[in-house]
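Right, one structure below, let's go through it.
Below, all heavy atoms of this structure are taken into account, side chains as well, without hydrogens, waters or symmetry copies.
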Amino acid sequence: MLVLFLQAAIIVAWEEKTYPWQALGDRTVQVRVLTIFFTWSGLRFLKSLLDAAMQFKLVSRETKMLGVRMVLKCIVAAAWLGVFGVFYGRIWEQRNRDRRWTKAANDRVLNFLEAVFVFILPELLAVGLFIIPWIRNFVENTNWRIFYMLSWWFQSRSFVGRGLREGLLDNIKYSLFWILVLATKFCFSYFLQIKPMIAPTKAMLDLKNVEYEWFEFFHSNRFSAGILWIPVVLIYLMDIQIWYSIYSSFVGAAVGLFAHLGEIRNMQQLKLRFQFFASAIQFNLMPEEQLLNARGTLKSKFKDAIHRLKLREEDIISDREVELLELPQNSWNVRVIRWPCFLLCNELLLALSQAKELVNDTDKRLNKKICSNEYRRCAVIEAYDSVKHLLFEIIKPNSEEHSIVAVLFQEIDHSLEIEKFTKTFKTTALPQLHSKLIKLVELLNKTVKDSNQVVNTLQALYEIAIRDLFKDRRNPKQLEDDGLAPRNPSSGLPFQNAVQLPDTSNENFYRQVRRLHTILTSRDSMQNIPINLEARRRIAFFSNSLFMNMPHAPQVEKMMAFSVLTPYYSEDVSYSKEQLRTENEDGVSTLYYLQTIYDDEWKNFVERMRREGMMKDSDMWTDKLRDLRMWASYRGQTLSRTVRGMMYYYRALKMLTFLDSASEMDIREGSRELVSVRQDNLDSFNSERSPYSKSLSRASSSVSLLFKGHEYGTAIMKFTYVVACQIYGTQKAKKDPHAEEILYLMKNNEALRVAYVDEKTTGRDEQDYFSVLVKYDQQLEKEVEIYRVKLPGPLKLGEGKPENQNHAIIFTRGDAVQTIDMNQDNYFEEALKMRNLLEEYRHYYGIRKPTILGVREHIFTGSVSSLAWFMSAQETSFVTLGQRVLANPLKVRMHYGHPDVFDRFWFLTRGGISKASRVINISEDIFAGFNCTLRGGNVTHHEYIQVGKGRDVGLNQVSMFEAKVASGNGEQILSRDVYRLGHRLDFFRMLSFFYTTVGFFFNTMMVVLTVYAFLWGRLYLALSGIEKSMESNSNNNKALGTILNQQFIIQLGIFTALPMIIENSLEHGFLQAIWDFLTMQLQLSSVFYTFSMGTRSHFFGRTILHGGAKYRATGRGFVVEHKCFAEIYRLFSRSHFVKAIELGLILVIYATHSPVASDTFVYIALTITSWFLVASWVLAPFMFNPSGFDWLKTVYDFDDFMNWIWYNGSVFAKAEQSWERWWYEEHDHLKVTGIWGKFSEIILDFRFFFFQYGIVYQLGISAGNHSLAVYALSWIYVVVVSGIYVVVVYARNKYSAKEHIYYRLVQFLVIILAILVITVAIFYHLEWCCCGGSSV
C-alpha cells in the first residue's frame, strides 16, 4: 500500500500542479498512474517467491499440494506481469500512432482496466467478506470440503487462526480509525514530503557539466537524485507510526472520558463527590442480594477497613491522618452525619464569619446561608452537639454548674427551634466563644492536664455566655431566677469544684476531643491531607473507580475462585541487616537512601514503632529489626512486597465474607474491634497470625458457634497464591537465607503455597525430577508437602521464567489465574474489587466473551530517580492509554506481561499461558496473547482496578531491559505466531497489530537508518562535488529540512511523550500534565529517550540480522552507586559509542568539505538533529550516572579502564576483567549467524571503504588528479603500513626475548625506510612546486 501510493504520488506530483486532482485531469498522467499495477503484481511475485523460499522445507509427500500451490502462485504472479505489460504497451502504441488520446486509445485503457478488475477480484471478495464478518468466520470455522477447496488458493489449512473476524460494530470502529490515520498520513506525505522534493530532483537531474572531485563511476545524475530521496522514502515509510501515536492518544482519551476516568483527580474533587461515596460502595462492592436490604453501617466498615487498617499499616499515613480520614461512628448524640475531618476543613470558621456578617439578619437567612453547603451545616451542628456533650462530660452531673450549663443550652435550643436565635443572642460574641473553646480543647488534649486552667477556661466561657452572648442583659437576680447563675454566690467561684476530667484510659473520649479540636481549628491546610502523595493517589483512584462501570459483585461464596501465580528465581526476598547498613563509596547506605526519598513514610514508621513499645531509636536494630527490614523491603522490588500485596486478596475475601453473612450485632462488634486493632501491632508479618483475622470476630454474636471459621474456609476455597520458587529445594539444602525468608513468608500467610523443582539422585549418574508444592502447617508448625509430581526430565529446557510458570500452573486452582511478576505490588482497596473483575468473564465484548482480562498497572518506582520517572511516565502511558486503545476500538490487545487475569480452564486446554522455546520465546508474555488471539480468544482491558508494578531505575538497568524487549521483538518476527496473525487478521487489524508490536521497533530502527542515510548521502554529495554544483539551489535544503523535522520528532521522544501528556491531562489535569512535561524536559528526558531509541534500534537490528536474543537480568535494586567507565563502555560501546563516533566524524567532515557549511544557519538546520543524537548517545551514560562528573571518580575510572584494556590475564579471564575477552564475547553472534547475516554485515561495512575513497581525493596529495590510480595508491600505502606492522610484531615475538639485537635491527631498518620515504616525498613535492611555479 505504501509503495503503491508513493509511486502514484510521485507521478502526480511530477506535474507540479497545486492540487493532485488538477494533474489527474490529464489522461497521460492517468495512464502513467496505472503503472502501479505493475508494481502491485511485482510485489505479489516477490511475495510468492519469499513464501516458496521460506516454506519449501514443509513440502513432503504428504504436503505436496502445498508445493503445487506455491509453484502456481509464482507462475500466476509472473503471468500477471506479462499481461499488464502487453495491455499497457498496447495503450501507448495506439496513443503514439494517433498522436493524441483518441477513442481507440481510450478503449485500450478500458481493456487494461478490465484486466485490472480481474486482477483485484480476490481483494474485492475479501472486502465483501470483511463487511459481513460472520460469513468469513462461518467459512473458516466449518470443515466442509467445499469451503476448503474455495480457500485453498489463499491460505493453508490450519487448526489455529480460524474465525478471527470481529463483529460488525467492532469492524466499523477500527476501520474508521485506520481510514482516518491513513488519509491524514497520505495527505501529509503528498503535500509536505513528496511534492517539495520534485523541484530539487528535477534541478539535480538537469545539472550539466558537474565537476566531480573524485573518479566518478556513475556519471548519471539519477544516482545522486536517488541519494537525495533515500531519507525521504525512509521517513515516508515509518511516519505512519507518528500518526498512529497522535490519533491513538486522542481516541484513548475519548474512551477514558466515556469510562469516567479522571473524574476524581485529587482530594478536593473527592470532597465534592463524597456524599455519593457510600452509594457507590453499596452499588459496586456489595452483592446484589444485599442491595435490597442494605444496612447503613456497611458503608463505614468499608471505609474504615480501607483507611484505617491498610494505609496506616503501610505507613503512608500517620496516626493523626487516620483520625482525619476516618468516618467515625455516631457518638456524643450528634444529630448529623459525622463526615471525615478533611471534608470539614475551614467550614466552621466560614460559618462563624457568615454569622458575624449577618448579625442583624433573620434566622432563616442565616440558616439558608450556612445550609447551602452540606459539610458546613454538619460541621456547625456537630461542633454544637460535641461542645454540649463535652461540657456535660467534664462537669459533675449533680453539681449546680451542670444545671446552669443545661439551662443555657436549653435556651439556645429553644431559640433555634422558634427561629429567634439572632434576636436573642449576639452573633458577634461567637468568635470569643470559639477562641475559648479552642483553648479548653487544647488543655484537654495535653498529656498532663491542669485542672485549674480548665476551670479558668470554663469560667471565661461562662462570663462570655452570660455577659456578651445575650442581647438583653440580665441582672444577677434575673440570672439566678432563670437558673443561669449560682444560687449561693458566696460558696466560691463557678466550676471550682465541679470539674471532673475523664481518665486518660478513656480512648474514645479523647479521640472525640481531638476530632472536635480539628473541627474548631481546621483551615485551608487541611486540603493537603494526607501529606503522602501515594496515599492521595490511591484514595483518589479508588474513589474514582467506584463511579466507573463495573459488574455487580456476587457474594464471595458465589464468586469465581481464582489463583495468583508468581515466578521467582533468586531475587531478594527481603533486605537483610547487612544490606541496609552497608554503605557505598559515597557513604550512602540503602536505609539512608530510603529514609531520604520516603521521608514522611519513615516518620510514620517510627511513630508506629514507638506506639508499639519502642523506647529509643537504637531498638530499631534489635527488638524491631524485623519491622525495619520489612519496612525497607516493602519499598524495594522484593518478593516480600509482592507476597504482602497479593495476600490482600485473601484478607479482603475474609472481610467480604464476613460482611456478606454478618448480622447487625456482628457488624457492630466487628467495627468496635476494628477500632481497637489500631492500638495493636498492625503489621501482619510481625505476628504469627494476621491481626486482621482477629478483627472480624463473631465472639459476641448469638450465632458465633454456627459461623465460627466461616470466613477462613470461604476465603481459602476461593483464593490460592502459588509462588514458583524454582530452586527453593536447592536453597534449603544449602541453608540459603533466601529459603529461610520464604519459609517465614509461608508461616505468616496461610493461603501461600510454594512450588519448586526437587532433584533426587537415584543412581550414579541418574536423577529424578519432581514438581513439589508445599505450605506451612500452623498446627504442626512446620513445612508440609501437599503434592509431588514426577517430571520426565530436567525442567529448564527452554527459557527459565516460562518454564518456571509451566511447571507450577498445575498447582493453581479455580476458574482464573492472575500472573504476577516478582516486582509487583497490590493494594487492599483494589483487592476488594477482584470479584467484580472476575464477573467480566460472564459478559460479551463484541461477539466473544473475554479469555484474558487486562488489568491496569501503576508504576510505583517513579519517585526513585529522574530516570525512573521518565521510565514510569512512558510505561504508564502504555499500560493505560495504549492498552485501552488496543482493546477498544482496535481489538488487538495482547498479553504484555503481568498482571493480566487468564481464564484458567480455557488456557489449560489450549497450550497454557507460557511458551518457553529457547531464544525465540525470550519475550514469553506476548506469546500468550498471540496464542489467545489465534485460537479465537478475546483480550479486554479494565481500568477500574489496578496493580502496582516496579520498573528499572538506573540507566544500565533500563538499557538492559530495553535490549531484552527489542531482541525479543526481533525474534517475534521469525515466529510462526506473527506469521499466522499477519496472514489471518483482516487488513486494518493487521495494521493495528503491526504498529503496536514489532512495527514499533522496526520504525524505531528506521529512524536511526534515516540519520545514517541522510548523513552518508550528504557526505557523498559534498565529497563528490555535486553539492558544490547545485549550491545555488536552496529548495533542496529547504525540502530536506522539512522532512528531517519529522525524524527529530521521533528522535526526541515527542511522539512517545504525546500519549503521556494526553493521559496525564485526563487523569491529573492539563496544566499539571504540561508542567510535568516541561519538568521532564528540564531534567533531560529527551536525551534519555534518544538514548533509548539507540538501544532499541541496535538490538532489534542485530537480532534480525544475526539472531541470538538472550535474557538479560536487569537487577531490581536501587541505583545508589557510581558505575565505572569500563562497565559503561562494555554495555554501550557497540550500541551507542561506536555509532555516535561514526556519525560525529561524518558531521565534522561534512562541515569542513561542504559548501553548505559556509552558511551557518543552513548547516545548523540540516544537522542539529544529528548532532543532538550524537551528543545524547555519548553523554547520556555519564549524565545519568551518579557522580558521573566527579573529578576524583573520573580519575579512578580512567585508571580502572586502562587496567581493563591492558589486562594480561589467562584464557579464563572474564569480560569484566579483560578487554580482549569482552571483544570476543561481543562478537559471538557472528559465529552463529547465517550466510545472509554475514553477507549483510559485510555489505554494511563497505561504507567505510567509501569513506576512505572520498577522503583520499580531499587530502590535497593528488595534485588535482581524479583518476582511479590515486585510490589504488592509497591502498598501497595501507598495505605497506600493515606490512611494516606485521614485520615489527613478528620480530618482537621471535627476537625480543633471546636475540634482542635483531629486534632492534628490524626497528632501525623500519625507521630508516620511513625517513627515506618521507624525504623522497618532500623532495618530489618541492620539485613539483618549483616546476609548477616556473610554468606559471
Side-chain angles (χ1 to χ4, degrees), residues 563-574 576 633 637-647 650 685 716 719-762 766-778 780-814 817-824 898 904 908 912-914 916 918 924 1111 1113 1116:
S563 299
V564 175
L565 177 62
T566 296
Y568 167 84
Y569 189 69
S570 60
E571 297 88 347
D572 287 328
V573 180
S574 59
S576 65
S633 301
Q637 299 182 48
T638 61
L639 182 63
S640 294
R641 179 174 190 162
T642 305
V643 170
R644 180 197 65 170
M646 295 309 116
M647 289 307 298
Y650 179 66
F685 287 91
I716 206 71
F719 171 74
T720 302
Y721 185 25
V722 178
V723 179
C725 303
Q726 183 176 337
I727 59 173
Y728 176 61
T730 305
Q731 290 173 332
K732 285 195 298 181
K734 295 180 178 180
K735 305 296 182 181
D736 192 322
H738 288 78
E740 297 178 6
E741 296 296 334
I742 293 172
L743 180 62
Y744 179 81
L745 293 179
M746 285 194 288
K747 183 178 180 180
N748 290 280
N749 296 279
E750 43 206 352
L752 177 62
R753 308 288 184 263
V754 170
Y756 66 94
V757 177
D758 192 20
E759 301 179 8
K760 296 290 185 181
T761 303
T762 57
E766 296 181 359
Q767 280 188 322
D768 287 341
Y769 299 88
F770 300 88
S771 285
V772 182
L773 183 71
V774 296
K775 71 172 184 177
Y776 186 86
D777 192 300
Q778 299 289 345
L780 299 178
E781 296 186 351
K782 68 175 184 178
E783 176 189 301
V784 296
E785 190 176 293
I786 306 175
Y787 297 112
R788 175 176 288 268
V789 180
K790 187 174 182 180
L791 300 175
L795 173 71
K796 195 173 178 181
L797 298 176
E799 295 296 336
K801 180 180 173 182
E803 292 282 24
N804 199 3
Q805 289 185 152
N806 287 336
H807 99 91
I809 194 173
I810 59 173
F811 300 127
T812 58
R813 299 185 302 170
V817 57
Q818 184 178 29
T819 53
I820 293 293
D821 212 344
M822 213 289 298
N823 60 339
Q824 296 200 241
H898 312 86
R904 180 170 170 270
L908 283 178
I913 63 173
S914 297
R918 190 173 292 277
E924 79 286 343
Y1111 179 81
R1116 297 189 172 105

field: Thr642 side chain vs Gln824 backbone, donor-acceptor pair below 3.5 Å
entry: yes
- prompt: Backbone N or O of Met822 within a donor-acceptor pair of the Thr566 side chain at under 3.5 Å?
  reply: no
- prompt: Which residue pairs pass the salt bridge (charged side-chain N to carboxylate O under 4.0 Å, His left out) test with at least one member in residues 734-745, sequence neighbours excluded?
  reply: Arg626-Glu741, Arg629-Glu741
- prompt: About how many Å separate CG of Leu795 and CG of Asn804, when rounded to the nearest 0.5 Å?
  reply: 6.5 Å
Heavy-atom side-chain proximity of Tyr568 to His738 below 4.5 angstrom: yes
field: For the student: nearest non-hydrogen atoms of Ser633 and Arg641, plus distance
entry: O-CB, 3.9 Å
task: Dump the intermediate steps for side chain to side chain contact (heavy atoms under 4.5 Å, CB included) on Tyr650 and Leu752, then the final yes or no.
output: CA-CA 10 Å; Tyr650 179 66; Leu752 177 62; over 6 Å; no
- request: Calculate, to the nearest 0.5 Å, the distance between atoms OG1 and CD1 belonging to Thr819 and Ile809 respectively.
  value: 9.0 Å
- request: State whether the side chain of Thr812 and the backbone N or O of Ser563 hold a donor-acceptor pair below 3.5 Å, judged by distance alone.
  value: no
- prompt: Does Leu773 offer a backbone N or O that forms a donor-acceptor pair with the side chain of Arg788 under 3.5 Å?
  reply: no
message: Test your reading of the model: is there a side-chain donor-acceptor pair from Gln778 to the backbone of Lys747, 3.5 Å cut-off?
response: yes
field: Nearest-0.5 Å distance, OG1 of residue Thr761 to CD of residue Glu766
entry: 10.0 Å
statement: Rounded to the nearest 0.5 angstrom, the CD-CZ distance for Gln818 and Arg904 is 14.5 Å
- line: Smallest heavy-atom separation, Met647 atom then Ala751 atom, equals CE-CB, 3.6 Å
- prompt: How many angstroms lie between atom OG1 of Thr638 and atom CG of Asn823, to the nearest 0.5 angstrom?
  reply: 10.0 Å
message: When you measure from the side chain of Arg813 to the backbone of Ile810, do you find a donor-acceptor pair of N or O atoms at a distance under 3.5 Å?
response: no
message: Are Val643 and Tyr721 packed together at the side-chain level, in the sense that at least one heavy-atom pair is separated by less than 4.5 angstrom?
response: yes
task: Can you establish whether the number of heavy atoms outside Tyr569 located under 6.0 Å from its atom OH is more than 12?
output: no
task: Taking Tyr776 for its side chain and Asn748 for its backbone only, find out whether a donor-acceptor pair lies under 3.5 Å.
output: no
Plane angle bin for Tyr756 and Tyr728 - parallel if under 30°, tilted between 30 and 60°, otherwise perpendicular: perpendicular
message: Assess the residue pair Val774 and Met746 against the criterion (side chain to side chain contact (heavy atoms under 4.5 Å, CB included)); give the C-alpha distance rounded to whole Å, side-chain angles, the decisive distance to 0.1 Å, and a yes or no.
response: CA-CA 9 Å; Val774 296; Met746 285 194 288; 4.1 Å; yes
message: Please check: side-chain N/O of Ser771 versus main-chain N/O of Val757, any donor-acceptor pairing under 3.5 Å?
response: no
- line: One should read off an interatomic distance between Arg753 CZ and Lys775 NZ, to the nearest 0.5 angstrom, of 5.0 Å
query: Is there a side-chain contact between Gln767 and Tyr769 (heavy atoms, below 4.5 Å)?
result: yes
Note, Asp572 side chain near Leu639 side chain (heavy atom, < 4.5 Å): no
message: Measuring only between side-chain heavy atoms, which start at C-beta, is Val722 closer than 4.5 Å to Val564?
response: no
message: Evaluate Glu924 against Lys801 for salt bridge (charged side-chain N to carboxylate O under 4.0 Å, His left out), listing each step before the verdict.
response: CA-CA 8 Å; Glu924 79 286 343; Lys801 180 180 173 182; 3.5 Å; yes
message: So does Leu745 get a backbone contact from the side chain of Asn749, meaning a donor-acceptor N/O pair under 3.5 Å?
response: yes
task: May I ask you to say whether Lys760 pairs ionically with Asp758, meaning some side-chain N is under 4.0 Å from a carboxylate O?
output: yes
task: Taking all heavy atoms of Gln726 and all of Gly800, pick out the closest pair and write down the distance.
output: OE1-O, 3.9 Å
